[in-house]
Structures are given as C-alpha cells and as structure tokens.
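One structure below.
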Amino acid sequence: MVDPVPQLESLPLAKGTSVLLRADFNVPLRDGKIEDDLRITASLPTITWLLERDCKIVACSHLGRPKGKVDPAYSLAPVAQRLGELLGADVALATGVADFASIGQVQELAAGRVMMLENLRFEPGEEANDPAFATNLSELGDVYVDDAFGAAHRAHASIVGPPHVMPSAAGRLLAREVEVLSALLDRPEQPFVVVLGGVKVSDKLGVIDALLDHCDQLLIGGAMAFTFLVAQGASVGDSLVEEHQVKHCLRLLETGKVLVPTDVVVTQEISADAAARHVAAQAIPDGWKGVDIGPETAGTYADVVAGAATVLWNGPMGIFELAPFAAGTRTVAEAVADCRGFTVVGGGDSAAAVREMGFAGRVDHVSTGGGAALELIELGDLPGLQALRK
Ligand code: 3PG
Ligand code: MG
C-alpha cells in the first residue's frame, strides 16, 4: 500500500489564488508537431477543477532532455498551443522559466486563466535540484499542485522543492495513477498476469522481482527475452544478450511463473523493408537477430491474457515501429483490449502502441508514466510522492 498524499480539497483556495502546477507535458514531438497528446488531455481534470474555483494556473513541465540550456527545439510552445485548443482559451507561454520577465508575465495573469512557463530543463537548477532555483519557482504561486506522474521518480527541483515551502497537493491524474498502480500490488484479482517487454533485462530486474511476489504469470517479450532464452540453453544468433544477467534469469525461470517465447521473428537488418523469417526461439541461426515474438508465442500469450482477472502490460514485444516486426505487439495489445479483467498498460512505448493501434479505449487504465510506474511498483514510493507528504 502506497502511503496517501494530500488531495486538491486540502488546499486553501480563493478566487485569484495562483497555483503553480507541475505537469508532465513531455510529449513525443516530430517536426514540431505533437504525435501523442495523452499527457496533455490527462491533465485536464485537474486544470478544469482549479479553473472552476477561479484560480490562476501557472503550469510548468520539462520536455525532452535539453540539459540545462535553452534550445528552441524543446520549447513548450506546441504544448501551450495544444492545451489552449483543448481548453478553448489562449494559454500564454512565458519567455523563460523563473526569470524576471516571466515573473512579470505571471503577475499579469487574470483569475480563471492559464499560462505556461518555458521548459524547466532549460535551467540547470531543475535537474540539479538547486534550492535557489526551487525558491524562484515557488514564488510564482501561492499553492503547488503536482500532477506530473510521469516525472514523479525524478528528484528534480520543480518536483521536490515547492512542497517544502508552500501548501501542496496531488492533482487528479497523479492521485489516480497511484491508486491504480498500488491496487495492483495490494489486492489484484487473480489470476494476475504481467506482460513485460523492453530492451534490457537489467533495467527491469528490480521490478520483475517485485512483481513475482504478486503475480501468477509473467510473460516475457522484447529483446530482453533473449537473455532468458540463453539461460534455457538456446542459440540466439546475433540477438541482444546481457551475459551478466543470465544467472539471474535462470533463477527467475525456476520460479515456474515466467513464460518466454517459443518462436520468434528474426532479421539480418533492422529496417522497414527488411526480409524477416520466423524460427524456433531455441535455434536462431547465426547472423540473424530476434526482433519480435513469433505467432505461436503471441497466440499463447493472448490465451493467457484472455484468462486473466488482472493484467499489467509494460513494454512492446518487438520493434513495433517497423511494420514487419509489429505483429507480436499487436496481438498482445488486442488480447489486453479484449480481456474482461482489469487491464493496465504502463507508460512509454506500450502506451503509444495501444493508442496507435486503436485499442486504448478498451484498456481500463493507460498510465502516463513509464519509468515512474515501474519504480512505484518496485519501490512502493516515489520522490514526488514523498515530497507531497512533507
Ligand atoms: C518520461 O517521459 O519518462 C518522463 O517525462 C521523465 O522524463 P525523463 O526520463 O527525461 O526524466
Ligand atoms: Mg524516460
């Protein structure tokens, strides 16, 4: 059980109260266009609630990793515009983060209006968690609301700083994410099936250990499956393997809860028009690398998911961005969508996959956090939540 955090109702709000709102508007951009606005639409319940109470909202977020320098490619301008469209009211973008000019712009904001600061990571103090930067930021609001679930695992200035000095609460999105994810660990209806993909098993060992205490079956896909296959004695050709994790994978297999692919899609070249073959997972020829689970494995995984009462899926089954390697991820996405149990898709690439493939509306909860969701499951708490309890 994750310890509770203060909710919006606990805040001292009056007409014109200025709310510093930390959101996670780190959306995927291509050529300056937003490819997926889930993280913006997901922030609307909190924003609307605050606007109904005639607050002023000073929204802030990071975008990408500009590493403490101003870089126009990472401007929040497209986000401010999209948020304005969704709200049906202009959202002005400050010229900077917490400099003199932006302070002036914040002071002119009217009650019931929203503005946005520039990318927090244009300032080196954000990631360094510099107290002086946190103080400057805190002065832009009377109260602080954290709705940035996707960044709650980062102990950065805008996340852990303001709650020390001002009344603070979790927004609706953050609260809902914590409620859903902690319920998976506390009282999942069984059978509880976890589908885990992704590139490196070393990134996921902690979360796998934590999940094995709670789930009935763990289905492995993505490149990390090959380290498990090596642990079983398979020849995996040129597939990605983390040799130093083989022993650990063997121990995980010995729990009897872990399923690995029996067949895979392989290629000699990772490209959209590459020739792909379908082979047994135990005997991948030299010169070929695995890039997706095969149809037999996808069918098995779909059957296991169909019988689940609770499903958590994180990480694609293959390189789904390329059409020849997308089938395994699609089959799993469809099975999760069709499952009658309670279904959660955790952040990042798997959330993008269910949305792109059109299944998001049939999943109970699509998390806006990838790393944050896994870290919450593994450790049971996050720096952003701890800060709010101060
Ligand atoms: C994310 O997309 O993972 C979050 O917004 C956090 O971003 P980061 O991984 O760059 O800290
Ligand atoms: Mg990340």
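Read the numbers this way: they start at 1 and go in the same order the structure lists the ligands and their atoms.
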Next item on the list: Before signing off on this row, confirm whether H156 and ligand 1 have an N or O atom pair separated by under 3.5 Å.
Entry: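 Such a contact does not occur with ligand 1.
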Margin query: Is there a polar contact between ligand 1 and H153, counting only N or O atoms under 3.5 Å apart?
Written below: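 No, no N or O pair falls under 3.5 Å.
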Note to self: Applying a heavy-atom cut-off of 4.0 Å, say which part of R39 lies close to ligand 1: side chain, backbone, both or neither.
What the structure shows: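 The side chain, only.
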Check: Does a sphere of radius 6.0 Å around CD in Q268 hold more than 12 heavy atoms from other residues, nucleotides or ligands, not counting ones at 6.0 Å or beyond?
Finding: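 Atom CD in Q268 is crowded, with more than 12 foreign heavy atoms closer than 6.0 Å.
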Margin query: Donor-acceptor pair, distance only, cut-off 3.5 Å: does the side chain of S350 make one with the backbone of G315?
Written below: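 Judged by distance alone, yes, a pair lies under 3.5 Å.
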Checklist line | N-O pairing of R30 and E35 below 4.0 Å | finding: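 Salt bridge present between R30 and E35.
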Item checked: Option with minimal heavy-atom separation from atom 4 (C) of ligand 1, where the choices are A151, A152, G150, A148 ->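 Looking at heavy atoms only, G150 sits closest to atom 4 (C) of ligand 1.
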Note to self: Does either side chain, that of T310 or that of Q190, offer a donor lying less than 3.5 Å from an acceptor on the other one?
What the structure shows: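 No, no side-chain donor-acceptor pair sits under 3.5 Å.
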Next item on the list: Verify whether one side chain among T368 and R39 offers a donor that lies under 3.5 Å from an acceptor in the other.
Entry: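 Side-chain D/A pair, T368 to R39: absent.
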Show me which atoms of ligand 1 lie under 4.0 Å from any heavy atom of [X].
{"X": "R121", "value": "7 (O), 8 (P), 10 (O), 11 (O)"}
{"X": "R154", "value": "8 (P), 9 (O), 11 (O)"}
{"X": "D24", "value": "4 (C), 5 (O)"}
{"X": "N26", "value": "1 (C), 2 (O), 4 (C), 5 (O), 7 (O)"}

Checklist line | Inter- and intrachain pairs under side chain to side chain donor-acceptor pair (under 3.5 Å), touching residues 315-337, at least two apart | finding: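 Applying side chain to side chain donor-acceptor pair (under 3.5 Å) to every pair that reaches into residues 315-337, excluding sequence neighbours, yields nothing.
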